[in-house]
Amino acid sequence: MSQDSRRLISRRSFLRLSAAIGAGAGLAACGGTPAAPAAPTAAPAAPTTAPAPTTAPVATAAPAQAATAVPVTVSKFNEAPMLADLVKAGSLPPVEERLPKNPVVLDSLDGIGKYGGTIRRGHRGFADRWGPTKIQNEGLTWYNPDLSVRANIIESWEVNDDATRWTFKLREGMKWSDGSDFTTDDWKWWYEHVLLNKTLNPTPPGNWSTGTPRVPMQAEFPDRYTAVFTFQDPKPLFAYNVTRTMGATNDGPFTPAEFMKQFHEDFADAAELDTKVKAAGYETWNQLFTESNYWYTLGRPTLGPWLPTNELKEELFVMERNPYFWQVDSEGNQLPYIDKITHRLFEAPDAFNTRIIAGEVDFQARHVNIGDFTLFKENESRGDYQVVLGVSANHTAFQPNQTTKEPKLREFFQNRDVRIALSLAINRAEINDLVYNGTAVPRQYSPLRASPQYYEKLSNAYIEYDPARANELLDAAGYDKKGADGFRLWKDGSGPISFIIVGTAAAGSPDEDAVQTMIKYFADVGIKATYQALERALYTERFNANEIEGAFWGGDRTVLPIVAPWIFLGSMVDRPWAAAWGLYYNDPTNPNAEEPPEGHYIRKIWDIMTQVDAEPDEAKRNALFRQILDIWAEELPMIGILGELPSPTIVKNGFKGFRGGFPNDDTTEDENLLNTQTYYWDDPAKHTS
């Protein structure tokens, strides 16, 4: 069926989200805390086909409207001066030959933009690559302001009645960044040689499979601009699953085949490939293939608005405009407006904050902590910027690794009453006041109040401060003996009970203050814990090896968790509340994976989510997802502390197209939800360095 006018989130959900956006926009204006909207009750409706594009937005009072695909036929195209010079020199084809026949048409919130200038940002090195990636990423679909989705890389889609068969139409004439044609040839190559390759994907990725065990989709390519995906089971939320399909590694559904063949054992010369593998420091070809399949690999064609000009690991990482980018504004100006984006390396948060208040950061929410709000606000004039506020989807949270390799600690963390006791031991109101100036909401990790999946039962589960009850639960759990220092002993009398909490929050940061304060509350009930800050690459290495006892890492993806449920499933292993089980869910052949016990609640969560994914009826799907939230409310797999914090974005004066008040979540690319390619400078000549 094809229902172009149908929205992918129900109207009730849209009104709830709009209310939240309006509250956040008011916060941006007054610097206060967002008011809580009424609890939404509806979940996203099953996608059918792309919704009809809406009218180009106009900058108005709150609630702000996001840039949206504009139903305009453009007959004349224009380009950035730097590209026009290349065309004049004969080194680049005319803009009309670089665009598809039907480009995406997007207007900025502030109308038609101006070409030129640079956006300066910061990042923490190669392991922090998701910051640059979110600016660069484009999916088959992307979000409208009501969090429904529109066609993006694809021109349109259709889906059959039971959502098992999805047909995608590509944009004829669209090109990779090197000028080569973007067609289903690259989709077919990815399907046959990446998705179905057992070395690269021993377990089919969830986006491209259904069932338990997972069965990969069947793909057909009737012509160069049509792809048909057929799943064993219904996949009604698939249009949401493909909003971020360009920044991943092997999680397609396409890849630049001609470039990637040099890294694939079925196509490359064996000796040459072996030399490349060893030179890059890897052991196997698939490791090199996976790492080389990121957009930031030099020489690899991409579809994003900007291209890397040097290595991501360098002190200053530089991205310049893609001359073949396939989007324009309603006057035919090829996007993006901004010429260049730079990311300067920093190690300590204080160093990044110093750059902000010195005016050296132009536009960024990533690494901008609400705990530093007063510092940023007091220095707005000095740094020539505004602190623009949205609503953060993130939560401060403690993940006790229930699959830690230490047997006694594993038993401790797997005890439900212990987890409840640790939650009751935390004075959330005090952490909120001391660290976050009272701007947060005490709550468990759970969907935001602005989310269609909001569930008060989980949000408020065991969040009261009750150290007396915590002590009773720990005593009853068999940890009633204490040493001379007052710390509890293991059940066998050895001890004390002790564990290390790891994370990436550096010394002196608000999050480090929060975890150290939490540790003091644990000590008050006789539990000894210490915090160790890790560089993100080392943190990643540790959780992938299941070598973490506990972690202090936020929990996001709470705006539309039904389409990004991985923290709830335990499969997002950087939030390692069950690292070995999460690794098993992702890939049972992983040497660090461990199958959960029969009857364990995590298996119930997985089974329910399989039903959620296949349920086309909105009400039934929402009811099923609440069963997962019920399990979380009863079991507390990880311990949430605070959430719904204001989310600050540093916005240089003169920077156009961005608005506050919107939810800041990984699912919607954080500060890039409103289409970074449409942002621009009012005077680009002042922002060229």
Engineer: When you check the gap from the basic side-chain N to the acidic O, do E172 and K101 get nearer than 4.0 Å?
Structural biologist: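 Here E172 pairs with K101 in a salt bridge, since their nearest N and O are under 4.0 Å apart.
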
Engineer: What heavy-atom pair brings W176 and D186 nearest, and what distance separates the two atoms?
Structural biologist: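 Shortest heavy-atom contact: NE1-OD2, 2.8 Å.
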
Engineer: If you measure only the distance, is there a donor-acceptor pair under 3.5 Å linking the side chains of D329 and Y337?
Structural biologist: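 Yes, a side-chain donor-acceptor pair sits under 3.5 Å.
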
Engineer: If I take atom CG from residue L448 and atom CG from residue D556, how far apart are they, to the nearest 0.5 angstrom?
Structural biologist: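 The CG atom of D556 is 10.0 Å from CG of L448, to the nearest 0.5 Å.
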
Engineer: So that I can tick it off, tell me whether R165 and E220 are bridged by a salt bridge, with the cut-off set at under 4.0 angstrom between side-chain N and carboxylate O.
Structural biologist: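 Counted as a salt bridge, because a side-chain N and a carboxylate O are separated by less than 4.0 Å.
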
Engineer: Tell me if the aromatic rings of F182 and F254 count as close, with their centers under 6.0 Å from one another.
Structural biologist: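 Ring centres of F254 and F182 closer than 6.0 Å.
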
Engineer: Run the salt bridge (Lys or Arg N to Asp or Glu O under 4.0 Å) test against E314 and tell me which residues pass, sequence neighbours left out.
Structural biologist: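 Here no residue qualifies.
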
Engineer: Under 3.5 Å, is there a donor-acceptor pair between the side chain of T226 and the main chain of D223?
Structural biologist: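 No; judged by distance alone, with no hydrogens or angles, the pair does not exist.
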
Engineer: Please list, chain by chain and in numerical order, all residues satisfying salt bridge (Lys or Arg N to Asp or Glu O under 4.0 Å) with R366, sequence neighbours excluded.
Structural biologist: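 Per chain and number, R366 pairs via salt bridge (Lys or Arg N to Asp or Glu O under 4.0 Å) with D128.
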
Engineer: Using side-chain contact (heavy atoms from CB on, under 4.5 Å) as the criterion, list what pairs up with Q327, not counting sequence neighbours.
Structural biologist: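 Listed in chain order: V104, L106, E138, N152, F325, L335, Q677.
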
Engineer: Just jot down the side-chain contact (heavy atoms from CB on, under 4.5 Å) partners of E192, sequence neighbours excluded, or say none.
Structural biologist: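 With neighbours one apart ignored, the set is K188.
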
Engineer: Applying the side chain to side chain contact (heavy atoms under 4.5 Å, CB included) test to F259, which of D178, T302, T297 qualifies?
Structural biologist: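 Per the side chain to side chain contact (heavy atoms under 4.5 Å, CB included) rule, the option paired with F259 is T297, out of D178, T302, T297.
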
Engineer: Looking at F263, is K276 sitting on its ring face, NZ or CZ under 6.0 Å from the six-membered ring centre and within 45 degrees of the normal?
Structural biologist: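 Cation-pi check for K276 and F263: passes.
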
Engineer: Is the side chain of R244 donor-acceptor paired with the backbone N or O of D666 at a distance under 3.5 Å, no angle test?
Structural biologist: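 Answer holds: yes.
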
Engineer: Indicate whether any N or O donor in one side chain lies under 3.5 Å from an N or O acceptor in the other, for D107 and S330.
Structural biologist: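 Present: a donor and an acceptor within the cut-off.
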
Engineer: For T688, enumerate each residue passing the side-chain hydrogen bond (donor to acceptor under 3.5 Å, both in side chains) test, keeping only those at least two apart in sequence or located in another chain.
Structural biologist: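 Here no residue qualifies.
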
Engineer: Mind checking the OH-CG spacing from Y143 to L673? Nearest 0.5 Å is all I need.
Structural biologist: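 CG of L673 is found 9.0 Å from OH of Y143.
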
Engineer: Is a side-chain donor or acceptor of W306 paired with a backbone partner of I338 at a separation under 3.5 angstrom?
Structural biologist: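 Yes, W306 side chain to I338 backbone: donor-acceptor pair under 3.5 Å.
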
Engineer: Using the test ring-ring contact (aromatic ring centres under 6.0 Å, His included), find all partners of F352 that sit at least two apart in sequence or belong to another chain.
Structural biologist: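 Expected list: F346.
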
Engineer: So that I know where these two stand, are F168 and F229 an aromatic pair - ring centroids less than 6.0 Å apart?
Structural biologist: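 Yes.
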
Engineer: Looking at residues at least two apart in the chain, or sitting in another chain, which of them share a side-chain contact (heavy atoms from CB on, under 4.5 Å) with D85?
Structural biologist: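 None.
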
Engineer: Would you check, one step at a time, whether the test ring pair (Phe, Tyr, Trp, His ring centres under 6.0 Å) holds for F658 with Y680?
Structural biologist: CA-CA 9 Å; F658 180 74; Y680 65 94; over 10 Å; no

Engineer: Could you check whether W190 and W208 have their ring centres less than 6.0 Å apart?
Structural biologist: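 Yes - the distance between ring centres of W208 and W190 falls below the 6.0 Å cut-off.
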
Engineer: Looking at R121 and F363, would you say the former's side chain and the latter's main chain have a donor-acceptor pair under 3.5 Å?
Structural biologist: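 Pair found, side chain donor or acceptor close to backbone of F363.
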
Engineer: Do N333 side-chain atoms and N78 backbone N/O form a donor-acceptor pair below 3.5 Å?
Structural biologist: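 Flag not set: sc N333 to bb N78 has no pair under 3.5 Å.
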
Engineer: Which residues satisfy the ring-ring contact (aromatic ring centres under 6.0 Å, His included) test with F221, sequence neighbours excluded?
Structural biologist: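 Scan of F221 (ring-ring contact (aromatic ring centres under 6.0 Å, His included), adjacent residues dropped) gives none.
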
Engineer: With a 3.5 Å distance limit and no angle check, can you tell me whether R124 reaches the backbone of E347 through a side-chain donor-acceptor pair?
Structural biologist: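 Yes, the answer is positive, given that a donor and an acceptor are paired below the 3.5 Å cut-off.
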
Engineer: Would you list the pairs meeting salt bridge (Lys or Arg N to Asp or Glu O under 4.0 Å) in which at least one residue belongs to residues 679-689, sequence neighbours left out?
Structural biologist: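 For residues 679-689: D683-K686.
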
Engineer: Are the charged groups of E79 and R98 less than 4.0 angstrom apart, N to O?
Structural biologist: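 Counted as a salt bridge, because a side-chain N and a carboxylate O are separated by less than 4.0 Å.
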
Engineer: Starting at CG of D110, measure out to NZ of K656 and round the result to the nearest 0.5 Å.
Structural biologist: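 D110 atom CG to K656 atom NZ measures 5.5 Å (nearest 0.5 Å).
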
Engineer: Would you please name every residue forming a ring-ring contact (aromatic ring centres under 6.0 Å, His included) with F376, sequence neighbours left out?
Structural biologist: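 Residues passing ring-ring contact (aromatic ring centres under 6.0 Å, His included) with F376: none at all.
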
Engineer: Between N672 and T676, do the side chains contain an N or O donor and an N or O acceptor separated by less than 3.5 Å?
Structural biologist: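 There is such a pair (donor and acceptor under 3.5 Å, judged by atom type) between the side chains of N672 and T676.
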
Engineer: Could you check whether any side-chain N or O of K652 sits under 3.5 Å from a backbone N or O of G359, counting only pairs where one atom can act as donor and the other as acceptor?
Structural biologist: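 Indeed, once roles are kept as given, a pair shorter than 3.5 Å links the two residues.
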
Engineer: Quick one: does any side-chain atom of T183 pair with a main-chain N or O of D185 as donor and acceptor, under 3.5 Å?
Structural biologist: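 Yes; at least one donor-acceptor contact below 3.5 Å.
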
Engineer: Only counting residues at least two apart or in another chain, list the ones meeting salt bridge (Lys or Arg N to Asp or Glu O under 4.0 Å) with D670.
Structural biologist: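 Checked D670 against salt bridge (Lys or Arg N to Asp or Glu O under 4.0 Å); matches are K134.
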
Engineer: Just to verify, what does L345 make a side-chain contact (heavy atoms from CB on, under 4.5 Å) with, not counting sequence neighbours?
Structural biologist: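 Applying side-chain contact (heavy atoms from CB on, under 4.5 Å) to L345 gives H123, E315.
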
Engineer: Examine the side chains of S392 and N664 and answer whether a donor and an acceptor come within less than 3.5 Å of each other.
Structural biologist: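 No, no side-chain donor-acceptor pair sits under 3.5 Å.
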
